[in-house]
Amino acid sequence: MISEQSIQEVRDRADLLDVVKKYSNIKKKGANYVGDCPFHDEKSGSFTVSPAKGMFKCFGCGVGGQDAIKFIMEKERMDFPASVKYLANWFNVTLEETKKDDEPPEQLVKKADYTNINKRVAKLYQKNLLSLKCANWPNQPVNPVIDELLNIRKLTNSSIVNFELGFAPDDYRFITPILMERGMFAAAEDIGLVKTSNNTNFDIYRNRIMFPIHNERGEIIGFGGRKLEDGKKDNPKYINSRDSLIYKKESILYGIYQAARAIREMKFAVLVEGYYDVISFHQTGMPNTVAPCGTAFTDGHAKILKRYTQHIILIGDQDAAGQKANLKNVDLLLRYGFKVDICQLPEKHDPDSFSREFKAMEDIAA
């Protein structure tokens, strides 16, 4: 296996703009570069690269990602290791190998199948969300999904693209027929995307905003699905992926793929509680923000952060539960040798509402 240090060196050395220019004649437009998409035939120039954010996105076909490795995976149809090696050769990076993986070949195949399914399903959810946005014309009733994301949560298009957000419609068979047709239903059931009951196959996620969960390599390993209205006992506000070969909730942080470079550069990480908290902080000046995925902060999370920084700022909800969680997290982080600070938000604010009302970076710095 390629060492994490080598992977990071490839990320640092492989300039996304240089890589994209090999495949598309993009031109500078403001802070970004735009041009024809290298992933599908077009003449409308719907492909955008943001060098500052290290991300690319086509608003025509929906392909996007955050670094040169992801771009090569999509363009050259390579898996992650092959893409790293391709770019290492291109940018003269010497790769170091760690001890070879002792996993059985069949388990490695299953893992690859699961990540491939998640990738396909995430694109379906994202395409569905983009279709709702396109249909949200002026003088028409506001779609509740678009109202939630753009008007209430005030998410930017860039954030929606960067975190690959999507929407699962209120349909029991949105992804099920596609997965069955491609022989992927059983594997999708393993990772909690679909289910069989009373001889009926159906989707698990319905009428939910979908938050793909990426590992440190940028692979989608799970989902968090948030219901638009308040949750009920038999229909909770959030449904998160079950643990599987590729997803262990105690060992993954939401936003770590998007935040890794910023954490290293800023030399600290911000730890919040939820998906919206992370995205809101990223778009208001704190791109080094991460959160657990529907679980308490664990030793596994601390070990991940230890690879990037020695300094953590905790920002939780201001209710009793949030304060209690912060104190517990302080104890755990101190055991791992972190410098820990707690940021107290104004009364009645959580990280998401605070970042929407204020500029996160300026107020935390103050």
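Note that the coordinates shown come from a computational prediction; the quantities given were computed from them, not determined experimentally. All values below were derived from every heavy atom in this structure, side-chain atoms included, with hydrogens, water molecules and symmetry-related copies excluded.
- For the residue pair N118/T115, the side-chain donor-acceptor check at 3.5 Å is not satisfied.
- The aromatic rings of H311 and F268 are tilted relative to each other, their planes meeting at an angle between 30° and 60°.
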Using the side-chain contact (heavy atoms from CB on, under 4.5 Å) rule, take L95 and V10 through it: C-alpha gap first, then chi angles, then the decisive distance, then the call.
CA-CA 9 Å; L95 298 178; V10 169; 3.8 Å; yes
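- Between the side chains of N215 and Y257, no donor-acceptor pair of N or O atoms lies under 3.5 Å.
- The 12-atom threshold is not exceeded at CD of Q5, counting heavy atoms of other residues, nucleotides or ligands nearer than 6.0 Å.
- Nearest heavy atoms, G222 versus S241: CA-OG, 3.3 Å.
- Using cut-offs of 30° and 60° on the angle between ring planes, the pair W90 and Y86 is perpendicular.
- Judged by distance alone, with hydrogens and angles left aside, the side-chain atoms of S131 form a donor-acceptor pair with the main-chain N or O of N128 at under 3.5 Å.
- No side-chain donor from either of T48 and N32 sits under 3.5 Å from a side-chain acceptor of the other.
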Test side-chain hydrogen bond (donor to acceptor under 3.5 Å, both in side chains) applied to Y308 and E216, step by step:
CA-CA 11 Å; Y308 296 94; E216 292 170 84; 2.4 Å; yes
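- Look at E148 and R153 and you find a salt bridge, because one of the NZ, NE, NH1 or NH2 atoms lies within 4.0 Å of a carboxylate O, short of that distance.
- For the atom pair CG of L165 and CD1 of I160, the computed distance is 6.0 Å after rounding to the nearest 0.5 Å.
- Between the side chains of S6 and E96, no donor-acceptor pair is found at a separation under 3.5 Å.
- For the pair R206 and Y172, the distance from NZ or CZ to the six-membered ring centre is under 6.0 Å and the angle to the ring normal is within 45 degrees.
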Before giving the answer on side-chain contact (heavy atoms from CB on, under 4.5 Å), spell out for I26 and L17 the whole-Å C-alpha distance, their side-chain angles and the decisive distance to 0.1 Å.
CA-CA 9 Å; I26 52 176; L17 195 58; 3.6 Å; yes
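- Residue D331 places its CG atom among more than 12 non-hydrogen atoms of other residues, nucleotides or ligands, all under 6.0 Å distant.
- Environment of NZ in K306: crowded, with over 12 heavy atoms of neighbouring residues, nucleotides or ligands closer than 6.0 Å.
- Checking N201 against T196 by side-chain atom types alone, a donor-acceptor pair falls below 3.5 Å.
- Atoms NZ and CE, on K57 and M55 in that order, are 8.0 Å from each other to the nearest 0.5 Å.
- Salt-bridge formation is detected for the pair E74/K119: a Lys NZ or Arg NE/NH1/NH2 atom is positioned less than 4.0 Å from an Asp or Glu carboxylate oxygen.
- A donor-acceptor pair under 3.5 Å is absent between the side-chain atoms of N288 and the main chain of A259, judged by distance alone.
- When side chains are defined from C-beta on, F297 does not count as touching K328, because their heavy atoms never get closer than 4.5 Å.
- No donor-acceptor pair closer than 3.5 Å links the side chain of R77 to the backbone N or O of I72.
- Checked against a 6.0 Å centroid threshold, the rings of H214 and F163 do not count as neighbours.
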List the steps and the verdict of side-chain contact (heavy atoms from CB on, under 4.5 Å) for V330 and I342.
CA-CA 9 Å; V330 168; I342 297 179; 3.6 Å; yes
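- In the hydrophobic cluster analysis, where Ile, Leu, Val, Met, Phe, Trp and Tyr join through side-chain heavy atoms closer than 4.5 angstrom, L305 is grouped together with Y254.
- Between the side chain of D203 and the main chain of V194, no donor-acceptor pair closer than 3.5 Å is present.
- Between N329 atom CG and L271 atom CG the span is 6.0 Å, to the nearest 0.5 Å.
- Separating the OG1 atom in T289 from the CD1 atom in I256 is a distance of 10.5 Å, to the nearest 0.5 Å.
- Of the charged side-chain nitrogens involved, none lies within less than 4.0 Å of a carboxylate oxygen, so that K110 and E106 do not count as a salt-bridged pair.
- The closest side-chain heavy-atom distance from Q283 to L155 is below 4.5 Å.
- With rounding to the nearest 0.5 angstrom, the CG atom of D79 is 11.0 Å from the CG atom of N116.
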Given the rule in the side-chain hydrogen bond (donor to acceptor under 3.5 Å, both in side chains) test, do S24 and D36 qualify, once you have shown the distances and angles that lead to the verdict?
CA-CA 7 Å; S24 176; D36 291 342; over 6 Å; no
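- Connection of Y238 to I213 is established within a shared hydrophobic cluster, with ILVMFWY side chains joined at heavy-atom distances below 4.5 Å, either directly or through further cluster members.
- Considering all non-hydrogen atoms of both residues, E97 and I2 come closest at OE1-N, 3.7 Å.
- Once rounded to the nearest 0.5 Å, the distance linking CG of D147 with CG of L228 reads 9.5 Å.
- Pairs of residues two or more places apart, or lying in two chains, that qualify as ring-ring contact (aromatic ring centres under 6.0 Å, His included) and include a residue from residues 41-60 are F56-F71.
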Applying side-chain contact (heavy atoms from CB on, under 4.5 Å) to I117 and V121, what does each step give before you reach the verdict?
CA-CA 6 Å; I117 289 170; V121 169; 4.1 Å; yes
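- Few gaps surround CZ on R335; more than 12 heavy atoms of other groups in view lie less than 6.0 Å from it.
- Within the 4.5 Å cutoff, the side chain of P287 has no heavy atoms near those of the F281 side chain.
- Side-chain heavy atoms closer than 4.5 Å link hydrophobic residues (I, L, V, M, F, W, Y) into clusters, and following such links, even through other members, never connects I313 to L327.
- Heavy-atom minimum distance, M73 versus S83: CG-OG, 3.0 Å.
- Side chain of S355 to backbone of P351: a donor-acceptor contact under 3.5 angstrom is found.
- At a cut-off of 3.5 Å, with distance as the only test, no side-chain donor of Q8 or R261 sits close to an acceptor on the other residue.
- Hydrophobic clustering places I239 together with I252 (ILVMFWY residues linked when any side-chain heavy atoms are closer than 4.5 Å, directly or through intermediates).
- In the model, Y275 has a side-chain atom that pairs as donor or acceptor with a side-chain atom of N240 under 3.5 Å.
- Linking Ile, Leu, Val, Met, Phe, Trp and Tyr whenever their side-chain heavy atoms come within less than 4.5 Å puts L333 and V290 in one cluster.
- For K28, the NZ atom is densely surrounded, since the number of other residues' heavy atoms within 6.0 Å is greater than 12.
- The closest donor-acceptor contact from the side chain of K248 to the backbone of S244 lies under 3.5 Å.
- A donor and an acceptor atom, one from each side chain of T200 and S197, are nowhere located under 3.5 Å apart.
- Two residues are said to be in side-chain contact when any heavy atoms from C-beta on lie closer than 4.5 Å; T295 and H301 meet this criterion.
- Using a cutoff of 4.0 Å between basic side-chain nitrogens and carboxylate oxygens, R11 and D67 are scored as salt-bridged.
- L345 and D350 get closest at one heavy-atom pair: CD1-C, 3.5 Å.
- A donor-acceptor pair shorter than 3.5 Å can be found between the side chains of E42 and S44.
- In this model, a donor atom of one side chain and an acceptor atom of the other lie less than 3.5 Å apart for Y23 and E76.
- For R182, the CZ atom is loosely surrounded, since the number of other residues' heavy atoms within 6.0 Å does not exceed 12.
- With ring centers used as reference points, Y276 lies under 6.0 Å from F211.
- Of all heavy-atom pairs spanning G218 and K70, the tightest one is O-NZ, 3.5 Å.
- Shown here for E273 and D277, the closest heavy-atom pair between the two residues is N-OD2, 3.5 Å.
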